[in-house]
Amino acid sequence: SNHYVFSADTLDGERLIVKFPRVRETERKYQRGHRDTLFDGELSLEREAYLFGAVRAGGLPAPGVVGIYETPAGPCIIVSRSPGLNLPDYMASVGHSVSAFLNVMTGLGRDFSRLHRLRYPSFGNLMAGGSIEPCGITNFADRYLPINDRLISVCRDKGGLSDGEHTLVRNFFSDRFFAWRSRLAIDAAPATLVITDMHGGNFFVENGRPSGYFDVESAQAAPAEFELYSFRFFVFNFYGNAEFLRAEKAFFS
């Protein structure tokens with residue numbers, strides 16, 4: 001949703017992906033420029049290129065960056081196309097085999113156990129060149145509570161919450177962050193590389209294993225739990241409750 005994305009074939013048969021920045025029309029009223037709608041971090045092609053390299057350095061398959069170019073249509077990034085199919089298409093291709101699904105979950109767990117070994121000195125947006133913005137935050141409560149306040153205010157401004165409901169919800173989260181503050185300190189919840197938006201459409205599978213993580217533009221230095229909730233919310237529940245429990249067990253194995 002933050003890019004115009006094209007598939008391109010070179011004259012020698014190589015398959016590439018070409019991406020142009022896109023500002024979401026629906027969010028122009030509520031945020032500045034080309035920014036992450038969740039974390040409000042500045043998005044850039046340079047940041048995306050850096051993050052692909054960081055994910056690969058963590059031991060996971062991610063697109064290689066051909067380069068960043070100026071064109072008559074504006075700047076673009078060209079990257080290699082990851083092999084395989086996204087999770088829904090892959091599961092359809094293997095007849096929705098539960099054993100195949102569990103193999104993919106085991107592969108995800110293996111990959112993210114590698115990625116989550118990485119460590120950063122503070123919490124925040126991972127930016128081009130390895131900087132972290134904002135800098136110096138060592139308790140995730142201080143990092144995320146302002147983000148949460150902004151999101152709740154957007155809900156109010158869009159008409160989803162009344163003023164009274166906005167106050168009630170804001171106070172609820174403020175109380176919870178305060179109660180959990182000691183658990184959110186960086187020594188208790190280390191800052192690691194978190195992709196943040198893991199769902200079945202954001203990674204590819206080939207031969208039963210994850211083969212490409214390609215939607216990394218919002219990656220954060222954050223506690224690993226911040227990643228794990230998205231697996232529980234978007235991936236383990238691909239089928240029913242029984243499969244969810246088996247998927248979670250396979251992942252954590």
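For this chain, numbers begin at 1 and follow the sequence in order. Here the structure is a predicted model, which means the values were calculated and not measured.
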Practice task
Please work out whether the ring planes of Phe101 and Tyr239 are parallel, tilted or perpendicular, with thresholds of 30° and 60°.
Solution key: perpendicular
Practice task
Give me the ring orientation class for Phe177 and Phe173: parallel if the planes are under 30° apart, tilted from 30 to 60°, perpendicular past 60°.
Solution key: tilted
Completion exercise
On a heavy-atom basis, the closest approach of Arg181 and Asn139 is O-ND2, 3.0 Å
Practice task
Using only heavy-atom distances, determine whether the side chains of Arg117 and Thr192 contain a donor-acceptor pair under 3.5 Å.
Solution key: no
Exercise for the section: Please indicate whether Arg119 has more than 12 foreign heavy atoms, meaning atoms of other residues, nucleotides or ligands, lying under 6.0 Å from its CZ. Expected result: yes
Exercise for the section: Determine whether the aromatic ring centres of Phe203 and Phe214 lie less than 6.0 Å apart. Expected result: no
Exercise for the section: Could you pull out the closest heavy-atom pair between Arg47 and Ala219, with the gap in Å? Expected result: NH2-O, 3.2 Å
Exercise for the section: Compute whether any side-chain donor of one residue and acceptor of the other, for Ser230 and His199, lie under 3.5 angstrom apart. Expected result: no
Problem - Test side-chain contact (heavy atoms from CB on, under 4.5 Å) applied to Asn237 - qualifying residues, sequence neighbours left out - result: Phe244
Handout entry: Within 6.0 angstrom of Arg114 CZ, more than 12 heavy atoms from elsewhere
Key = yes
Completion exercise
Looking only at heavy atoms, the pair that brings Ile195 and Asp215 closest together is CG2-O, 3.5 Å
Handout entry: Intermediate values then yes/no, ring-ring contact (aromatic ring centres under 6.0 Å, His included), Phe112 and Phe231
Key = CA-CA 11 Å; Phe112 280 85; Phe231 283 114; 5.0 Å; yes
Practice task
Please check if atom CZ in Arg156 has more than 12 non-hydrogen atoms from other residues, nucleotides or ligands closer than 6.0 Å.
Solution key: yes
Exercise for the section: Flag this pair as yes if the NZ/CZ of Arg143 is under 6.0 angstrom from the six-membered ring centre of Phe123 and inside a 45 degree cone about the axis; otherwise no. Expected result: no
